[in-house]
Amino acid sequence: MAVSGVLTDTQKQICDLARAFAAEHIAPHAARWDAEQRFPREVVARLGGLGFLGMLVPEDYDGLGLDMVTYLLALEEIAAADASIAVSVAVHNSLPTQMLLRHGTEAQKERFLRPMARGERLGAFALSEAEAGSDAAALRAQAVWDGTHWVLGGAKAWVSNGATADLVVTMVRTDREGDRRGARGIGAFIVPTDAPGYRPGKPENKMGLRASNTVAVTLDDVRLSPEHLLGEAGSGFIYAMEALDNGRLGVSAQACGIARAALEHARRYVTQRSQFGSPIATFEGVQFKVADMATRLAAAEALMLDAARRADAGEPATRWAAMAKLFASETAMWVTTQAVQLFGGYGYMRDYPVERLMRDAKATEIYEGTSEVQRVVIARELLSLT
Ligand code: CAA
């Protein structure tokens with residue numbers, strides 16, 4: 001990556017490990033997994049064995065205890081090989097593990113976080129519903145306290161890892177009919193996927209990220225003991241929003257990885273492809289495209305790292321995470337579109353990698369908050385509208 005000159009030894013080692021693993025065990029298979037729409041759980045398990053499923057979890061809980069900068073650099077390496085694998089790893093690291101770390105009791109950390117950090121259990125995050133996407137606080141799934149247990153009912157949508165995870169941190173309403181409390185009436189529950197009544201749908205047939213598992217989930221009277229509630233019963237939406245600050249940084253790393261892969265493919269291709277008697281890299285129109293692709297990618301990486309350093313310094317990072325995601329995901333879409341253009345007719349064929357990158361890039365403008373939601377988050381803070 002462009003900033004390698006300023007990395008610490010630990011950052012370089014983690015990046016090297018991620019890059020080497022991705023080059024050997026992920027990149028060679030990415031096109032096939034995409035075509036077969038197959039989530040390679042075994043590869044994610046091997047990443048877990050190396051510590052990549054506990055990147056932000058302190059060593060006291062069996063994680064690697066990395067800072068945000070190192071985490072994002074590693075994620076970018078994985079995404080450059082296969083963005084689908086990166087989604088799975090990022091959702092697990094950024095969302096459920098972080099919510100458990102921040103808001104879990106010691107008992108919850110022992111029971112749920114520790115095995116997740118060791119890579120023995122995969123996590124997911126369920127916030128969206130069919131009628132509550134950008135307007136996430138409008139969700140309707142309901143938890144009812146029956147005196148001894150919480151009973152969860154309703155339906156969640158677009159849950160990454162939803163059919164492959166071992167547990168899903170799930171946001172459902174805890175307020176009651178007649179006493180609705182909006183964003184303050186939502187709890188975050190740790191839902192084991194083997195709990196009776198947890199029913200994942202069939203994998204969504206997506207444009208891109210086809211090797212990552214995304215499903216709708218029905219909660220059919222899922223009975224949970226009180227130790228499955230994270231923190232306060234009315235604070236789950238706030239916890240989810242905090243976690244999404246990390247999640248959005250993770251998406252920026254995925255987007256940078258996708259853009260970097262597209263730039264690398266394009267660079268190689270334009271030096272090899274000849275038309276009108278010369279390699280197309282000798283044409284100024286092609287050179288300008290490549291120069292712009294590299295410049296935008298470097299700017300996206302710089303913004304991502306700036307946001308990560310703020311998060312590591314304990315500064316409020318909401319706006320910066322939104323900016324990093326917004327800029328990196330739009331960069332990924334633009335860079336991959338240019339790459340397809342540079343490949344010409346070949347770029348449009350499934351036999352070449354750039355069309356997959358373009359399809360994968362599109363998702364980064366949508367999930368964990370659309371580009372429009374990121375603009376809302378940024379503008380609200382700048383204009384003091386919150
Ligand atoms: N950190 C901490 N608290 C936050 C916060 C943050 N980043 N953002 C908001 N909050 C708090 C607010 O301070 C407020 O708290 P109070 O009750 O104390 O005032 C509360 O949360 C409600 O906030 P808002 O009034 O701003 O809520 P809103 O309903 O107006 O929504 C929104 C704002 C930015 C549009 C938000 O709904 C949003 O981010 N929507 C997009 C949701 C999203 O990203 N979904 C992705 C789901 S995951 C996915 O894609 C798939 C997957 O598997 C990973």
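Whatever order the structure lists ligands and atoms in, that order sets their numbers, starting from 1. Because the structure is a prediction, the values reported are computed rather than measured.
Polar contact check, Ala137 against ligand 1: no nitrogen or oxygen pair lies under 3.5 Å apart. Geometrically, ligand 1 and Arg184 share a nitrogen or oxygen pair separated by less than 3.5 Å. Annotation: Ser160 places an N or O atom under 3.5 Å from an N or O atom of ligand 1; distance criterion only. Residue-to-ligand polar distances keep Tyr367 apart from ligand 1: every N/O pair is separated by 3.5 Å or more.
If you check each of Met241, Glu381, Arg380 against atom 24 (P) of ligand 1, the one with the closest non-hydrogen atom is Arg380. Looking at Ser128, Ala317, Ser134 and measuring to atom 41 (C) of ligand 1, the nearest heavy atom belongs to Ser134.
Taking the ring-ring contact (aromatic ring centres under 6.0 Å, His included) definition, one finds that Phe283 meets it with nothing, sequence neighbours left out. For Phe112, the ring-ring contact (aromatic ring centres under 6.0 Å, His included) partners at least two apart in sequence or on another chain are His228.
You'll find the side chain of Met55 stays beyond 4.5 Å of the side chain of Thr70, heavy atoms only.
For an aromatic pair to be called close, the ring centres must be under 6.0 Å apart, and Trp150 with Phe189 satisfies this.
There is no path of hydrophobic side-chain contacts, each under 4.5 Å, that joins Tyr61 to Met68.
Neither the backbone nor the side chain of Thr370 has any atom closer than 4.0 Å to an atom of ligand 1 (non-hydrogen atoms only).
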